[in-house]
Structure formats: C-alpha cells, structure tokens
There are 2 protein chains.
Amino acid sequence: MPERPGGRTARVRASVLRAAGDLLVESGFARLDLGDLARRAEVGKTTVYRRWGSVTAVVTDMLLEMAVESVPRADTGSLLGDLRANARLVVRTLTDRRQGPLFKAMLAAATSDVDTAEALKRFYATRIAEWAPCVTDAAARGEVPADTDAEEVIRAVSAPLYYRLVTGTGELDDAVADRAAEAAVAAAKAGVFRRGEHALD
Amino acid sequence: MPERPGGRTARVRASVLRAAGDLLVESGFARLDLGDLARRAEVGKTTVYRRWGSVTAVVTDMLLEMAVESVPRADTGSLLGDLRANARLVVRTLTDRRQGPLFKAMLAAATSDVDTAEALKRFYATRIAEWAPCVTDAAARGEVPADTDAEEVIRAVSAPLYYRLVTGTGELDDAVADRAAEAAVAAAKAGVFRRGEHALD
DNA sequence: TCCTTAACGGGACTGTGGTGCCATTAAGGT
DNA sequence: ACCTTAATGGCACCACAGTCCCGTTAAGGA
C-alpha cells in the first residue's frame, strides 16, 4: 500500500494552508469557515473536510508547518544584546500585520483543542531550545551563574510580550521589548533562574 | 420608558451566567452552544439569543460580573512577600479546577471579539491597579527606585504565569510563582522598570 | 507505457444552530 | 389594587455548515 504525499496532495495542502492564513488574518479564528476556505484555496470542500475536518486541525497543521522553518538565534557577544534581539524579533512577529493575527488564532485554537495545544507546545519548545545557547554561552563567559536554567531565561523574555498580547494591557513596541530583555538579564544575574534549590537573599 | 433590571431579569442573567460557567468548565469555549446553555439555565432559547446573541457576548458579560468583585492586595511589609503572595494567588486561580478553564475561555474569546477584548483589558487593568500599591509602598520604603512604574512590575509578575498557561510550556506551581516574584523584584531593584528614559548599565 | 488505487471534486442531502412571530408573564409606576 | 409595557417563553421556520455518494484524476510502482 504505497503512500503518496507528493505532487497533487502537497499542492493541495500548500494551497489550503496559505488560504487559511489569509482568512485567519482577514476574519479571525472564530469566523473561519471550511467552506470559504475550500473556495479560497480552489479546492473541493469535500477534500478539506476529509483531510482536516475542523478548523483547529487546520491550525494545528499550520503550526507543524511553521515549526519546520527555524529562526537563527542572535550572537552579539553579550547576553543583553542577544536577548534584546530576541525580544525585538518576538515583538516584530506579534505586531506583524500577518503573523500577529495568526499567532492569536493559534493561541485561541490551542485553548479548545488538545492536539493543537500539543503542537503549540512543541513549536515553542523548539523555538526556546534554539535560543537557549545564548544563555549557556553567557554562563560560559561568566555573565550569569553557571547553573542558570537557560530555557527559563528565554521564556522570561517572551513572557511579558505574550502577556500584553493576550490581556491587551499595555503597548507592544521596541521599548517594551528592551525592558523585557533587561529584566530577564537582571533576574538571571541575581541568580533567580538557577536550577534546583537556592536560598533567597 | 422605565428601565427594569430587577427581579426576573436579574434572576435570568444570574442563571445564564452560572450555567455558562459550568458549561465552559465542562466542554470548553469552542463547544459552548447557546441552545444547550438555555436548557441548562432553564431559560428560553429566544431569551438567550435576544439578550446576548453570541458566545463571546456571554463571556464578556461574565467578565463584567467578575470585574466587580475585587481581590484584596497583600501587605506583608516587603515587596518580595507581597509579590510572592500575588504570584501564588494567580497560580492558584489559573490551576483551579473551575477558574482555570474559565480564564482560558475568556482569553480565547477575547482574541476573536473586540468587545470581549475590551472587557478583558478593563478587568486586568483593574486587577493590576489594585496591586500596584505594593510597589509604591516599597518605593516609599526605599526598596526600589522612586520612579519605578508600579503597574509594570505587577504585570511582570503575572507574565511568566500567563505565558505558561497559553503556550503550555513548563509547569505552573508555587515554585514558578516564587521565581516570577523574585525575578520581578530583582529587575525592579536594578531599575529596569523606572519610568521614562534611563541609561543601561 | 500501462495499471492500480490513493486522493480529489461536484452535487445532492440533512441535522441543527440561529431567527421571527406572537401570546404570556411580571416589573414598577400611579 | 390596577395598568402599562419590558422582558420572557414556546413554536414554527429557515439557512447553511457538515456529510454522503460516486464518478474522475493523477501518483507512483512494474
């Protein structure tokens, strides 16, 4: 029983995912209709319902697609420089005319579907792991304690930005990005993100 | 033309909002059907559609209801103590069997409806303002710079917790809460959250 | 090149989420 | 106590998202 993911099938998938992105940006997650999606992608309605079957499944597939393409981490020579680059990248992504609504849709989809939630978790785990070396390098340079939890630091940079995105409180610009990076560095240097038990000063 | 929000109307609203909470906890935001909601609340389907008209509108009304009841801030005598209390409260809320799914539903609803987003923003703005005095008091005690942005510090405490909630990366327990509080304090003491322009060290 | 069959597409169908209509109930003022 | 009318509830109705069926297309192996 031969598999056949090539040619037409791949073309259909690409067309549907691209159209889904367009519709999510235009109308948002809640108003995304699979009938519209099929028409927009110039693909049979039956095909969309058979291969994906639900809006969340389409979003999940988009996430798997996005997880493939990796974003190279920065290497400015200082932890603050690297994290600032990371924070600005995140802000640029979340405020991007196209990617912003896309990320919001994905977060929304993940709250109501376990498969999407799992895909989202993997996506972020991957992204975080890609940037963690910034912190381990900084630890090697002696900028932060050697037993600093690198991934925890990366999460600390993104956290204030996503908090603003989902709660709507506060702006989302480069100034906020810089502050997020500075806060993460200050906390890391103070030893807040050291692994395991440690006394508080 | 007399208004009449009392008696039966209020009873219907209370019944619907309570039922909505139950259904959101049981089935989640995406599967909430207004027909089911009406039956569960023992209220006419027409009434639900006339007064609210959409799932997001019901969620928005729940948010307005929740915004009324205020949560008293802590006053332990130290900034770290206060923020730790705040962080643990947030974690307890987000991991609560009932409130957790409720908050997820509200965040999801806010991404697809501007009215809900506005209500959510007001809700958090209120909560943040209630806890801001912890920081201004600490500034008065000299724990942090006098020109520290109090609300920014409070946001910094919640941010890592909400980041975990929406991305699914990492645990959500008291240890994380404590680290969030410690990180915010460390950054605040380092002057990261001072208002206006300031040089980086 | 040919053959098998996985995958797609069109069109008819249906279950149900959402609306319109109107009689009934009960706030709230006098 | 009575009257006005805002608000509710039941029922019939409708539009359309999602399913089914079946003929058609084109991967991919021999």
Side-chain angles (χ1 to χ4, degrees), chain A residues 1-24 26-62 64-65 105 108-109 112-113 115-116, chain B residues 1-24 26-62 64-65 105 108-109 112-113 115-116:
Chain A
M1 51 196 84
E3 303 281 318
R4 45 175 87 170
R8 184 166 63 163
T9 295
R11 212 155 46 240
V12 165
R13 177 169 181 250
S15 179
V16 167
L17 293 189
R18 183 158 24 81
D22 294 343
L23 287 174
L24 282 177
E26 290 173 19
S27 320
F29 169 69
R31 302 180 220 319
L32 180 54
D33 175 75
L34 295 191
D36 297 341
L37 176 57
R39 212 173 315 115
R40 181 68 156 262
E42 294 178 310
V43 156
K45 192 173 77 162
T46 312
T47 300
V48 174
Y49 276 100
R50 186 177 25 232
R51 283 192 58 180
W52 290 278
S54 71
V55 177
T56 53
V58 174
V59 173
T60 303
D61 204 14
M62 294 180 70
L64 296 177
E65 181 72 18
S112 59
D113 183 86
D115 291 333
T116 309
Chain B
M1 50 195 81
E3 305 281 318
R4 46 175 85 171
R8 184 168 59 164
T9 296
R11 213 156 44 241
V12 165
R13 177 168 182 249
S15 179
V16 167
L17 293 189
R18 183 156 25 80
D22 294 343
L23 286 175
L24 282 177
E26 290 172 19
S27 320
F29 169 68
R31 302 181 218 319
L32 181 52
D33 174 75
L34 294 191
D36 297 342
L37 176 57
R39 213 173 313 116
R40 180 69 157 260
E42 295 178 310
V43 157
K45 191 173 77 162
T46 313
T47 300
V48 174
Y49 275 100
R50 184 174 30 230
R51 284 191 58 180
W52 289 278
S54 70
V55 177
T56 54
V58 174
V59 173
T60 303
D61 204 15
M62 294 179 71
L64 296 177
E65 181 74 18
S112 59
D113 183 87
D115 291 332
T116 309

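Since we're looking at a predicted model, the values are computed, not measured.
Straight-line distance from the CG atom of A/Asp33 to the P atom of C/dG18: 13 Å, rounded to whole Å. What separates CZ of B/Arg51 from P of D/dA6 is a distance of 15 Å, to the nearest Å. When the P atom of C/dG17 is taken as reference, atom CZ of B/Arg31 falls 14 Å away, rounded to whole Å. The distance between atom CH2 of B/Trp52 and atom C1' of D/dG9, rounded to the nearest whole Å, is 14 Å. Look at CZ on B/Arg13: it is 17 Å from C1' on D/dT8, rounded to the nearest Å. One atom, CG of A/Leu37, and another, P of D/dA17, lie 13 Å apart when rounded to the nearest Å. Across the protein-nucleic acid pair, A/Asp36 atom CG and D/dC16 atom C1' stand 11 Å apart, rounded to whole Å. In this entry the distance linking CZ of A/Arg39 with P of C/dG9 reads 14 Å, nearest Å.
Looking at B/Val43 and B/Val48, their side chains come closer than 4.5 Å, going by heavy atoms from C-beta outward.
For the pair B/Arg11 and C/dA27, the criterion of a side-chain N or O lying under 4.0 Å from OP1 or OP2 is met. Within the structure, a side-chain polar atom (N or O) of B/Thr47 is placed less than 4.0 Å from OP1 or OP2 of D/dG9. Applying the 4.0 Å criterion to OP1 and OP2 of D/dG18, one finds that A/Tyr49 has a side-chain N or O inside that range.
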In sequence, state the C-alpha distance, the side-chain angles, and the governing distance for A/Trp52 and A/Leu37, and then conclude on side-chain contact (heavy atoms from CB on, under 4.5 Å). CA-CA 12 Å; A/Trp52 290 278; A/Leu37 176 57; over 6 Å; no
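Below the 3.5 angstrom threshold, one finds a donor paired with an acceptor across the side chain of A/Arg8 and the base of D/dT25. Scanning atom types as modelled, no donor and acceptor separated by under 3.5 angstrom connect the side chain of B/Lys45 and the base of D/dG9. Interface remark: the A/Thr46 side chain does form a donor-acceptor pair with the C/dG11 base, using a distance-only criterion of under 3.5 Å.
B/Leu34 CG to B/Leu23 CG: the interatomic distance, rounded to the nearest 0.5 Å, is 10.0 Å. Here OG of A/Ser54 is found 10.0 Å from CG of A/Leu32. Values are rounded to the nearest 0.5 Å.
Using a cut-off of 4.0 Å between Lys/Arg side-chain N and Asp/Glu carboxylate O, A/Arg51 and A/Asp61 are scored as not salt-bridged.
Within 4.0 Å of A/Arg50, counting heavy atoms only, lies at least one base atom of the nucleic acid.
Comparing D/dG18, D/dG9, C/dC8 by their closest approach to the side chain of A/Val12 singles out C/dC8.
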